[in-house]
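Just so you know, ligand 1 is whichever comes first in the structure, and atom 1 is the first atom listed for that ligand.
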Amino acid sequence: MSISIGIHDLSFATAEFVLPHTALAAHNGTAIGKYHVGIGQESMSVPAADEDIVTMGAAAAAPIIARHGTDLIRTVVLATESSIDQAKSAGVYVHSLLGLPSATRVVELKQACYGATAALQFAIGLVRRDPAQQVLVIASDVSKYELDSPGEATQGAASVAMLVGVDPALVRIGDTSGLFTADVMDFWRPNYRDAALVDGQESINAYLQAVEGVWKDYTEQGGYPLGEFAAFCYHQPFTKMAYKAHRHLVDYCGHDADKDDIARAVGQTTAYNTVIGNSYTASVYLGLAALLDQADDLTGRPIGFLSYGSGSVAEFFAGTVVAGYRDHLRTKANLEEIARRRPVDYAGYRDLHERSLPADGGDHSTPSQTSGPFRFAGLSGHKRIYEKR
Ligand code: HMG
């Protein structure tokens with residue numbers, strides 16, 4: 001019998017500020033129904049000037065370290081597509097901020113929004129090789145599109161940290177995966193750009209093609225039939241996408257499902273994403289957090305995960321919810337993390353959006369804005385300086 005490996009703990013952090021979509025709609029004259037109903041977004045997290053993927057990643061992981069210690073963690077994998085350095089892994093800064101032992105391997109992974117799933121699967125491989133070890137997986141991203149572009153309403157920021165190990169307390173990850181890769185230019189960000197480039201409709205079509213591709217492969221690999229799953233966690237660039245993707249999967253499988261059936265399958269996974277926005281690599285696992293926090297007892301039930309990253313790579317796999325999982329959830333902390341964000345008005349959001357870091361190698365401090373446990377204090381000699389509060 002294969003050993004049980006999966007998600008032992010999960011914690012998330014988001015940014016300091018929140019912009020309600022009503023403010024964006026008032027600025028650009030969009031009917032609010034397009035945001036609230038059409039794309040399914042209420043608000044989006046906006047990072048403070050002294051926040052980035054490192055501060056959010058450390059904030060997400062700190063409660064996991066506080067609960068479990070560092071003794072078993074020998075690997076940190078940080079997945080991101082909003083990298084802060086072309087060479088050094090953002091995970092090394094997080095490792096330092098968290099005080100992890102020097103006997104740790106740390107690496108950064110990238111494939112658009114799919115990166116965290118690659119990290120999770122690689123972590124499972126490491127744990128299978130040595131079941132005494134745990135891996136800290138951190139998905140951390142700031143989603144940024146140009147002002148006044150169609151993508152602007154689908155920005156956001158968050159980090160999810162997951163502790164992966166044997167006999168997990170939350171979700172056991174299945175051995176069977178459906179895989180899909182296609183070379184498409186639906187969304188990308190060249191190294192010289194701050195904001196992503198995207199072909200909106202093409203990206204939705206590419207996502208739906210990937211849904212078909214992963215499901216076909218998952219079935220061929222001997223995965224569960226569709227009807228076995230209690231719920232489905234999809235990558236959510238905007239929450240309506242989960243509904244679109246599930247409708248597409250159900251039709252592809254030739255099943256009958258009305259609106260309520262689709263809502264039952266994905267509705268509870270959208271609660272956090274609808275107020276945080278797109279958190280790229282973290283998004284599918286924020287979906288898991290929302291589902292576990294809200295659903296009736298899921299013990300023993302398989303959940304379907306569909307991870308999509310533009311460009312594109314996708315994976316479908318099952319996770320089975322473990323008996324006693326509710327004793328290990330962080331529901332109160334999760335709700336507090338969302339509620340603690342401070343509203344920013346449209347002008348304030350625009351200022352933050354347009355900020356860029358000086359590239360002259362001088363000493364530059366960032367304004368002290370975040371109330372989170374870690375801050376990006378500034379630059380000195382091209383080096384990023386981080387502080388603990
Ligand atoms: P758009 O052109 O602004 O919006 O782009 P639209 O005209 O397509 O309208 C959106 C929906 O709102 C439509 O519903 C409208 O009917 C509806 P649908 O036909 O899709 O069901 N609507 C209304 N509903 C109610 N009341 C109203 C109203 N008006 C309109 N008054 C788009 C939307 C998502 C394309 C744009 O925001 C965008 O380009 N976003 C960024 C790209 C994106 O999120 N793509 C998703 C798939 S790719 C992906 O998931 C990967 C990604 O996360 C990156 C990565 O992997 O790293 C992006």
Are the charged groups of [X] and [Y] less than 4.0 angstrom apart, N to O?
X      : Y      : answer
Asp251 : Arg247 : yes
Glu81  : Arg189 : no
Arg350 : Asp148 : yes
Lys216 : Glu220 : yes
Arg330 : Asp9   : yes
Lys332 : Glu336 : yes

Suppose we measure from [atom] to each protein heavy atom; which comes out shortest, and what is that distance?
atom                    : answer
atom 51 (C) of ligand 1 : Ser310 OG, 3.1 Å
atom 26 (N) of ligand 1 : Gly33 C, 3.3 Å
atom 10 (C) of ligand 1 : Ile39 CG2, 4.0 Å
atom 42 (C) of ligand 1 : Val198 CG2, 3.5 Å
atom 40 (N) of ligand 1 : Thr154 OG1, 3.3 Å
atom 18 (P) of ligand 1 : Lys244 NZ, 3.4 Å
atom 9 (O) of ligand 1  : Lys34 CE, 3.7 Å
atom 43 (C) of ligand 1 : Ser203 OG, 3.7 Å

Mark up the atoms of ligand 1 that fall under 4.0 Å of a heavy atom belonging to [X], in ascending order.
X      : result
Gly309 : 56 (O)
Ala31  : 31 (N)
Ala112 : 55 (C), 56 (O), 57 (O)
Gly200 : 35 (C), 39 (O)
Lys240 : 21 (O)

Output field: ring centroids Trp215/Phe316 closer than 6.0 Å: yes
With heavy atoms and a 4.0 Å threshold, my read on which part of Phe238 contacts ligand 1 is side chain
Under a 3.5 Å cutoff, is there a donor and acceptor pairing between the side chains of [X] and [Y]?
X      : Y      : result
Glu51  : Thr370 : yes
Thr14  : Ser45  : yes
Thr239 : Asn273 : no

So, does Gln201 sit close enough to ligand 1 that a heavy atom of it is under 4.0 Å from the ligand? yes
In the complex you have, is [atom] within reach of the protein, judged by whether a heavy-atom distance drops under 4.0 Å?
atom                    : answer
atom 47 (C) of ligand 1 : yes
atom 15 (C) of ligand 1 : no
atom 32 (C) of ligand 1 : no

Using distance alone, determine whether [X] and ligand 1 share an N or O pair under 3.5 Å.
X      : value
Tyr280 : no
Pro150 : yes
Cys113 : yes
Tyr145 : no
Glu81  : yes

Centre of Tyr386's six-membered ring, under 6.0 Å away, within 45 degrees of the axis: is that where NZ or CZ of Arg375 sits? no
Looking at Ser203 and Gly200, what are the two nearest heavy atoms and their distance? OG-O, 2.7 Å
Apply side-chain contact (heavy atoms from CB on, under 4.5 Å) to the pair Phe305 and His235, showing each step before the final yes or no. CA-CA 8 Å; Phe305 290 83; His235 166 55; over 6 Å; no
For Leu197, what are the other residues in its hydrophobic cluster, where any two members join if their side-chain heavy atoms are less than 4.5 angstrom apart? Met185, Trp188
